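First up is the structure itself, then whatever we jot down about it.
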Number of protein chains: 2
Amino acid sequence: MLSHEQIWIAIDGIAKRNGLSPSGLAKRAGLDPTTFNRSKRVAPDGRPRWPSTESLAKILEATGETLEAFVAAVAGKKGASSRDSQSIPLITLSAVQGDGFFSPEGAPVGNDWGEMLFPGPKHKKAFALQITSNELSPLYRRGDTIVVAPHQPLRKGDRVVVKARKQGPSVQLLERRTADGLDLKSPDTDMEMQHIKHCDIEWTGRIIWASQ
Amino acid sequence: MLSHEQIWIAIDGIAKRNGLSPSGLAKRAGLDPTTFNRSKRVAPDGRPRWPSTESLAKILEATGETLEAFVAAVAGKKGASSRDSQSIPLITLSAVQGDGFFSPEGAPVGNDWGEMLFPGPKHKKAFALQITSNELSPLYRRGDTIVVAPHQPLRKGDRVVVKARKQGPSVQLLERRTADGLDLKSPDTDMEMQHIKHCDIEWTGRIIWASQ
DNA sequence: GCCCAGAAAGGTATTTATTCCTTTTTGAAC
DNA sequence: GTTCAAAAAGGAATAAATACCTTTCTGGGC
């Protein structure tokens with residue numbers, strides 16, 4: 001993964017390793033000296049601003065650094081990307097209907113989580129939920145386990161987990177996205193539709209894998 | 001160093017490894033589906049066009065790939081992520097209705113198989129089948145991918161792939177096991193039941209994971 | 001203290017990537 | 001063959017990064 005913070009740390013690091021200031025590095029690469037100004041790393045409205053890929057290619061070219069060295073600079077500083085963990089947090093879907101299992105951002109918290117072997121480097125912060133009833137059949141049945149990646153961009157047709165205000169996380173099918181919220185269909189046999197407004201949604205996740 | 005050609009090869013590779021087209025990858029990452037069109041990789045005047053770092057960050061986030069894996073793709077190497085995530089053979093379910101895609105034992109053979117990153121628990125000889133129709137909906141839909149472990153002990157309720165004599169592999173629900181064969185239910189809406197004798201079964205596999 | 005060069009802030013203009021739209025192509029399903 | 005959906009091409013509008021410009025800040029040398 002590649003965060004806004006990481007990439008700017010890496011650029012500062014490359015400059016430093018080559019005995020240059022960020023502005024000196026830009027000049028050396030044939031760019032405008034203000035390209036990497038701290039003042040240009042976030043927009044006036046707070047939106048993060050990213051250097052272009054072409055600028056990155058130019059500073060690698062100018063300093064003779066390899067892409068691997070750049071990546072090491074990205075990973076080496078805080079927020080390293082390579083997680084060595086071979087497993088993800090696991091709990092039952094029924095258990096998390098109570099409070100205290102997720103941070104406000106949808107990350108697992110507390111001591112009640114188990115672990116499930118899921119070795120891929122995929123999807124930092126993914127977690128697994130075990131289905132304990134047949135309410136969601138035929139899609140998911142008692143004993144199935146779903147792997148959820150939180151905060152993924154959602155599209156029509158996606159199978160999602162939605163945590164709405166004052167409700168436990170629930171498994172849903174995303175029927176469509178509207179300006180003010182999501183149209184969701186329950187995967188059970190009834191297929192009831194419901195609309196949830198963005199303001200009532202605490203977090204969402206996409207179901208990326210399901211074990212059978 | 002980082003060349004224009006390399007970066008586009010890497011993007012194509014990430015898409016392919018995740019069972020997606022370049023346009024599918026863009027959609028998954030929340031970007032416009034045309035973002036990675038070949039027609040947008042060079043300007044009309046021949047000038048090379050580069051994807052933005054923010055777009056790169058988004059496809060890493062969406063696929064769960066590490067920056068290291070991306071760099072390995074840039075460098076043209078394969079399987080840098082194989083330490084954590086294994087690559088398994090991938091093909092469409094419709095394609096394997098013909099002959100010559102499996103050994104008599106149900107192992108993938110031939111040159112038509114692709115590769116896909118599977119982040120889940122390692123499994124010897126597993127392979128992936130991409131669903132290309134909505135026949136099996138709502139359980140599996142067009143675009144879903146199922147991971148099949150061949151020669152697994154089967155139990156009632158399992159979702160299975162059965163290769164019967166003179167038929168292509170088909171997705172079934174195992175209703176019950178009898179002395180002389182298997183009672184299978186098709187997962188489509190009709191839910192037709194059929195009985196297949198052991199002597200007519202070439203091989204079976206259990207569907208261990210499904211992604212959408 | 002004063003001067004100076006580099007660095008950085010801040011703003012505007014320009015370039016470039018993305019989005020949005022339509023059309024064409026492709027491949028699988030029926 | 002026909003139909004359908006996804007992918008891709010191509011073009012115009014929009015959004016975002018860089019270039020360009022001026023001003024302010026910083027540190028060293030005098």
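Since we're looking at a predicted model, the values are computed, not measured. Lettering of chains follows the sequences in order, A, B, ..., and the numbering in each one begins at 1.
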ask   = What distance separates B:Asp32 CG from B:Asn37 CG, expressed to the nearest 0.5 Å?
value = 8.5 Å

query = Is it true that a side-chain atom of B:Trp113 and a backbone atom of B:Phe101 form a donor plus acceptor pair closer than 3.5 Å?
reply = yes

message = Tell me which pairs pass salt bridge (charged side-chain N to carboxylate O under 4.0 Å, His left out) where either residue lies in residues 5-15 of chain B, with sequence neighbours left out.
response = B:Asp12-B:Arg38, B:Asp12-B:Arg41

task = Kindly compute the distance separating CH2 (B:Trp50) from OG (B:Ser3), expressed to the nearest 0.5 Å.
result = 6.5 Å

request  = Kindly write out the residues that satisfy salt bridge (charged side-chain N to carboxylate O under 4.0 Å, His left out) with B:Arg176, not counting sequence neighbours, or none if the list is empty.
outcome  = B:Asp183

ask   = Per the end-axis method with five pairs at each terminus, what is the bend angle of the helix from C:dG1-D:dC30 to C:dC30-D:dG1, to 10°?
value = 40°

request  = Could you state the atom-to-atom distance from CZ of B:Arg41 to C1' of D:dA8 in whole Å?
outcome  = 11 Å

message = Enumerate the salt bridge (charged side-chain N to carboxylate O under 4.0 Å, His left out) contacts for residues 133-143 of chain A, please, sequence neighbours excluded, ordered by first and then second residue.
response = none

query = For residues 45-55 of chain A, which residues have at least one heavy atom under 4.0 Å from DNA chain C?
reply = none

message = From NZ of A:Lys27 over to C1' of D:dA19, roughly how many Å is that when rounded to an integer?
response = 15 Å

ask   = Can you check the A:Leu31 CG to C:dT15 P distance for me, whole Å?
value = 16 Å

Contacts under 3.5 angstrom, residues 149-156 of chain A side chains, donor-acceptor by atom type, not counting sequence neighbours:
residue: A:His151; atom: NE2; partner: A:Glu105; partner atom: O; Å: 2.3
residue: A:Gln152; atom: NE2; partner: B:Ala62; partner atom: O; Å: 3.4

key: Minimum side-chain heavy-atom gap B:Ile131-B:Thr145 below 4.5 Å   = no

key: Nearest-angstrom distance from the residue atom CG of B:Leu93 to C1' of C:dG27   = 16 Å

message = Going by the rule salt bridge (charged side-chain N to carboxylate O under 4.0 Å, His left out), which residues pair with A:Lys197 if we only count those two or more places apart in sequence or in a different chain?
response = none

Any N/O pairs under 3.5 Å between the protein and nucleotides 28-30 of chain C? List them or say none.
residue: C:dA29; atom: OP1; partner: B:Thr132; partner atom: OG1; Å: 2.5
residue: C:dC30; atom: OP2; partner: B:Glu135; partner atom: OE2; Å: 3.3

message = Test: salt bridge (charged side-chain N to carboxylate O under 4.0 Å, His left out). Region: residues 49-59 of chain A. Which pairs qualify, not counting sequence neighbours?
response = none

message = Restricting to salt bridge (charged side-chain N to carboxylate O under 4.0 Å, His left out), what partner residues turn up for B:Lys27, sequence neighbours left out?
response = none

Separation of atom CG in A:Asp32 from atom C1' in C:dG10, rounded to whole Å = 13 Å

Taking only N/O atoms, report every protein-nucleotides 9-13 of chain D pair under 3.5 Å with atom names and distance.
residue: D:dA9; atom: OP2; partner: B:Arg38; partner atom: N; Å: 3.0
residue: D:dA9; atom: OP2; partner: B:Ser39; partner atom: N; Å: 3.1
residue: D:dA9; atom: N7; partner: B:Asn37; partner atom: ND2; Å: 2.8
residue: D:dG11; atom: O6; partner: B:Lys40; partner atom: NZ; Å: 2.6

inquiry  = For A:Trp209 together with B:Phe118, are the ring centres under 6.0 Å from each other?
reply    = yes

ask   = Got A:Glu202 and A:Arg165 here, is their nearest side-chain heavy-atom distance under 4.5 Å?
value = yes

query = CE of A:Met1 to CD of B:Glu65: how many Å apart, nearest 0.5 Å?
reply = 9.0 Å

request  = Would you mind reporting whether B:Trp203 and B:Pro104 have side-chain heavy atoms less than 4.5 Å apart?
outcome  = no

key: Any residue of residues 19-26 of chain B with a heavy atom less than 4.0 Å from an atom of DNA chain D   = B:Ser21, B:Pro22, B:Ser23

